[in-house]
Amino acid sequence: MSKKNLNIPNNTTYTHWSGIFSMTLCVFVLIASEFLPVSLLTPIARDLQITDGQAGQGIAISGILAVLTSLTIHKLTGNLDRKLLLLFLTFLMALSGLVIAIASYYLVYILGRALIGIAIGGFWSMSAATAIRLVPQHQVPKALAIFNAGNALATIIAAPLGSYLGETIGWRGAFICIIPLAIFAFIWQCISLPTMKTYKENQPNKPMLQLLKKPILSIGLLACGLFFMGQFTLFTYVRPFLETVAKVDNFNLSLILLAIGVAGFIGTMVIATFLKTKLYQTLMMISLIMTVIIIGLFLTSSHIWTVATLFSLWGLFATAAPTGWWAWIAQTLPKDAEIGGGLMVAVIQSSIAIGSTIGGLFFDYLGWQSNFVLSGILLIGSVIATSIVFYKNKTKS
């Protein structure tokens with residue numbers, strides 16, 4: 001059998017690190033594309049003659065399409081070679097940038113955002129399954145950490161870079177910049193990814209609903225959902241907290257946000273070391289440490305540099321956590337990783353939406369303290385649910 005044709009389970013010693021890095025570039029471009037409108041809403045709304053709220057709905061549209069795609073892509077694509085599928089999703093990413101850049105009407109802009117949503121949902125739902133087929137099992141956490149490093153890097157620079165490009169070459173020019181990066185990623189994937197055909201024996205063993213009947217999976221997804229709800233209940237409103245409670249000026253605000261991003265990148269690169277032997281303990285410790293950070297923010301909310309340090313620590317752990325959860329799904333469903341990945345994307349995207357919405361209501365009507373308390377409760381709930389999964393998994397083995 002050729003080393004370039006991976007149709008076998010993950011007991012191989014073949015490694016395709018160039019393929020991993022080509023997908024990491026895709027992650028970077030996907031995340032940058034997803035959040036680029038955040039710093040460009042005003043000029044987009046002005047040019048398309050819509051409200052800021054309507055322009056912002058483009059972000060919601062991409063999230064909705066990501067969830068729908070993640071839950072259906074494994075059924076719709078059947079036995080299609082996964083390399084071809086990844087290349088198609090990368091093509092959609094480039095096409096999305098072009099459609100948005102030339103949009104003269106609101107519906108065309110929304111179409112472009114829908115395309116990037118499909119690419120995001122499809123790519124992330126396949127990420128764990130692809131990592132399993134590109135590297136040996138013991139190196140899957142490292143591969144997933146590299147994927148998420150692209151996520152962390154995009155999170156650091158997407159908003160400030162988008163704002164800079166918007167000022168220098170216009171918001172359309174900012175989206176055009178996505179296209180050559182996507183084309184480069186497409187070419188790199190063509191060269192570096194092996195053929196990943198999916199035969200009948202490689203198809204998922206069980207339907208999605210049947211998999212959800214497994215307590216380890218259903219409770220684990222609950223733990224994952226509680227974590228992301230807890231994270232984004234608070235973190236979505238970090239800027240208004242820093243501006244209104246900690247009284248941070250614009251310059252220091254930018255520094256703090258940058259520090260959060262840099263710390264997150266470091267955390268993502270380090271976490272794989274712990275996931276190899278202490279997966280569940282690492283996931284529980286992250287949530288516990290973030291809860292302690294919330295308590296610290298309560299006690300020092302008016303001390304700018306203490307708050308900055310605590311939020312940097314938040315970034316260190318919170319940004320690294322997705323790597324842990326993707327490693328968990330790869331370990332829990334090694335033969336059904338595509339379905340598991342789809343469920344993960346749906347849970348994460350839905351939890352972010354729910355957490356940010358409820359957090360906003362608490363922040364607006366009950367004050368930032370209630371917002372932070374809710375975040376802590378959800379994170380503790382994640383610890384409890386994770387510990388149950390850990391116990392069941394230990395008992396089973």
Side-chain angles (χ1 to χ4, degrees), residues 24-63 90 93-104 106 108-110 112-113 115-117 119-120 148-185 235-243 246 248-266 268 304 308 311-312 314-315 318-319:
T24 302
L25 176 60
C26 271
V27 172
F28 174 81
V29 182
L30 277 172
I31 300 303
S33 300
E34 183 178 14
F35 293 109
L36 203 55
V38 171
S39 57
L40 298 169
L41 284 185
T42 302
I44 290 174
R46 184 176 60 246
D47 275 14
L48 298 181
Q49 297 181 334
I50 57 177
T51 65
D52 288 346
Q54 286 176 310
Q57 286 169 7
I59 299 172
I61 288 294
S62 63
T90 307
M93 181 169 61
L95 182 61
S96 167
L98 178 62
V99 169
I100 294 172
I102 65 173
S104 299
Y106 178 57
V108 178
Y109 166 72
I110 290 297
R113 295 302 300 170
L115 291 175
I116 197 64
I120 291 167
N148 279 285
N151 181 0
L153 186 60
T155 302
I156 294 171
I157 70 172
L161 182 60
S163 179
Y164 172 75
L165 292 174
E167 289 293 326
T168 54
I169 59 176
W171 70 269
R172 296 180 189 276
F175 280 100
I176 288 175
C177 289
I178 294 295
I179 300 172
L181 288 173
I183 292 173
F184 180 73
F235 192 68
T236 305
Y237 304 96
V238 63
R239 177 164 183 162
F241 170 80
L242 290 172
E243 290 176 332
V248 174
D249 58 35
N250 287 335
F251 177 75
N252 286 323
L253 175 65
S254 298
L255 287 180
I256 293 172
L257 294 176
L258 179 62
I260 293 171
V262 171
F265 181 78
I266 294 170
T268 301
I304 294 177
F311 270 122
S312 296
W314 177 282
T319 310

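Quick note: numbers below take in every heavy atom, side chains included, and nothing from hydrogens, waters or symmetry partners.
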Quiz item: Can you tell me how far the CG atom of L48 sits from the CD1 atom of I110, to the nearest 0.5 Å?
Solution: 9.5 Å

Quiz prompt | Closest non-hydrogen atom pair, I100 against R172 | solution = O-NH1, 4.1 Å

Exercise. Taking all heavy atoms of I179 and all of A94, pick out the closest pair and write down the distance.
Key: CG1-O, 3.8 Å

Quiz item: From S33 OG over to L181 CG, what is the distance, rounded to the nearest 0.5 angstrom?
Solution: 8.5 Å

Exercise. State the CD1-CG distance between I116 and L95, to the nearest 0.5 angstrom.
Key: 10.0 Å

Quiz item: Does T24 use its side chain to pair, donor to acceptor, with the backbone of G150 at less than 3.5 Å?
Solution: no

Practice problem: Taking all heavy atoms of L165 and all of C177, pick out the closest pair and write down the distance. | Solution: CD1-SG, 4.3 Å

Quiz item: If you measure from CG on L253 to CG on L258, what distance do you get to the nearest 0.5 Å?
Solution: 11.0 Å

Self-check item: Non-hydrogen atoms of L25 and F184 that approach each other most closely
Solution: CD2-CD2, 3.4 Å

Practice problem: Please report the C-alpha distance between Y109 and I44 in whole Å, then the side-chain angles of each, then the deciding distance to 0.1 Å, and finally whether the side chain to side chain contact (heavy atoms under 4.5 Å, CB included) criterion is met. | Solution: CA-CA 9 Å; Y109 166 72; I44 290 174; 4.1 Å; yes

Exercise. Could you walk me through whether F241 and F235 pass side chain to side chain contact (heavy atoms under 4.5 Å, CB included), step by step?
Key: CA-CA 9 Å; F241 170 80; F235 192 68; over 6 Å; no

Practice problem: Please report the closest heavy-atom contact between A149 and T268, naming both atoms and the distance. | Solution: N-CG2, 3.4 Å

Exercise. Could you tell me whether a side-chain N or O of R113 sits under 3.5 Å from a main-chain N or O of E34, the two making a donor and an acceptor?
Key: yes

Quiz prompt | Exam field: side chain D249 to backbone N252, donor-acceptor pair closer than 3.5 Å | solution = yes

Quiz item: Taking all non-hydrogen atoms of both residues, which atom of F175 and which atom of A101 are closest, and how far apart?
Solution: CB-CB, 4.3 Å

Quiz prompt | Approximate separation, where rounding is to 0.5 Å, of L115 CG and S96 OG | solution = 5.5 Å

Quiz prompt | Flag if over 12 foreign heavy atoms under 6.0 Å of CD, E243 | solution = yes

Exercise. Return the set of residues passing side-chain hydrogen bond (donor to acceptor under 3.5 Å, both in side chains) with W314 (not counting sequence neighbours), or none when no residue passes.
Key: none

